[in-house]
Amino acid sequence: MNILAIVSQKGGTGKSTLAFSLAVAAEEQDIRTSIIDMDPQGTTKKWYGRRESDGGPEVNALNATQLEPAMPLLRKQGIQLVIIDTPGADTPGVTAAIQVADLCLIPARPSVADIEASAPTVSAIHRLGKPFSYVLNQCPPGRSIRTMDAFRVLQLTGAVASTPLAMRADHMDALATGQGVTERDISSKAAAEIRELLKWTLNKMEGKPHGQKQTRVA
Ligand SMILES: Nc1ncnc2c1ncn2[C@@H]1O[C@H](COP(=O)(O)OP(=O)(O)OP(=O)(O)O)[C@@H](O)[C@H]1O
Ligand SMILES: [Mg+2]
């Protein structure tokens, strides 16, 4: 069972959006996936409430003390991928999520503010000795100097997913309708980007090479 924590103490970077769309994309590939919502705001739990599809992923809201004991139970249920959505603040829930994670994904918009604001998150991840990777989100569609500059800056940290996600209305619509972008419109660009990010993330968690040669910026 792989455990992915999506973390950034900055609000609105796309943690919940990535959590549910990656989870839906994983289920579409027959990877049994469970989302844990650690955010009292409950964005992912509410998304689940709007969901009409019968299949997975399921979403459970847990607090910091409930998280670690829940992992063996999920494993026993045959869950293969756990995706933890965390609040955009420094809380015990975020620390607990990092502690159980095999990989932490830090969504950041291609802005100096987001990248600067991620420093405490990266410090917490370092302190707990966990691997992490940034993923650029809400980038201007198409080739953009801003995205490329942000990508190069994050590359210096040695950890940025090769697929930046563009700002696309599909993500907002998917949040509103309880869908993942891959089921909302299977042939959309947003869907393709999420599938590519899932592949990259799974490879990283499995320790497979995901060389920078494959890097594609917007
Ligand atoms: N790639 C994207 N394209 C368009 N809209 C996006 C994208 N990613 C996220 N959004 C939108 O940005 C808003 C914030 O996203 P989201 O709620 O996922 O962020 P968050 O990091 O979970 O926020 P919080 O810290 O408050 O939990 C939402 O309205 C979402 O639909
Ligand atoms: Mg959220």
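Every number for a ligand or one of its atoms is a count from 1 in the order of the listing.
- Taking backbone and side-chain atoms together, Q41 has no N/O/S atom less than 2.8 Å away from the Mg ion (ligand 2).
- Between the side chains of Q179 and R184, at least one donor N or O sits under 3.5 Å from an acceptor N or O.
- Using modelled atom types, no side-chain atom of R32 and backbone atom of L81 make a donor-acceptor pair closer than 3.5 Å.
- With a 4.0 Å heavy-atom cut-off, ligand 1 is reached by the backbone of A166 but not by any atom from C-beta on.
- By heavy-atom distance, the residue among D173, N137, L165 lying nearest atom 1 (N) of ligand 1 is N137.
- T13 and S8 form a side-chain donor-acceptor contact under 3.5 Å, judged by distance and modelled atom types alone.
- At a heavy-atom cutoff of 4.0 Å, ligand 1 is contacted by the backbone of R168 but not by its side chain.
- Atom CD of Q77 sits in a crowded spot, with more than 12 heavy atoms from other residues, nucleotides or ligands closer than 6.0 Å.
- In terms of protein heavy atoms, atom 26 (O) of ligand 1 is closest to Q41 NE2, 3.2 Å.
- In this structure, a donor-acceptor pair under 3.5 Å is present between the side chains of S162 and W200.
- Distance check for atom 13 (C) of ligand 1: every protein heavy atom is found at 4.0 Å or beyond.
- When heavy-atom distances to ligand 1 are checked against a 4.0 Å cut-off, D85 has no atom that comes that close, whether in backbone or side chain.
- Using the six-membered ring where Trp is involved, W47 and F20 have ring planes that are parallel, under 30° apart on the 30 and 60° scheme.
- Nearest protein neighbour of atom 30 (C) of ligand 1, counting heavy atoms only, is T17 OG1, 3.6 Å.
- The environment of I145 atom CD1 is sparse: at most 12 non-hydrogen atoms of other residues, nucleotides or ligands sit within 6.0 angstrom.
- With hydrogens and angles left out, the side-chain atoms of D185 and S187 include a donor and acceptor closer than 3.5 Å.
- In this structure, a donor-acceptor pair under 3.5 Å is absent between the side chains of S118 and K10.
- Across I115, V122, V135, a single residue satisfies side-chain contact (heavy atoms from CB on, under 4.5 Å) together with I106, and that is V122.
- When heavy-atom distances to ligand 1 are checked against a 4.0 Å cut-off, D39 comes that close only through its side chain, counted from C-beta outward.
- For atom 24 (P) of ligand 1, the closest non-hydrogen atom on the protein side is G12 N, 3.5 Å.
- At a heavy-atom cutoff of 4.0 Å, ligand 1 is contacted by the side chain of L175 but not by its backbone.
- Atoms of ligand 1 lying under 4.0 Å from at least one heavy atom of G11, given by number and element, are 25 (O).
- In this structure, of M167, Q138, K15, the residue bringing a heavy atom nearest to atom 7 (C) of ligand 1 is Q138.
- Closest to atom 19 (O) of ligand 1 among all protein heavy atoms lies G14 N, 3.1 Å.
- Side-chain contact annotation: T182 with E28, donor-acceptor N/O pair under 3.5 Å present.
- Interface atoms of ligand 1 facing G88, defined by a heavy-atom separation under 4.0 Å, are 25 (O).
- Distance from atom 11 (C) of ligand 1 to its nearest protein heavy atom, with residue and atom name: M172 CG, 4.2 Å.
- Between S16 and ligand 1, an N or O atom pair is found at a separation short of 3.5 Å.
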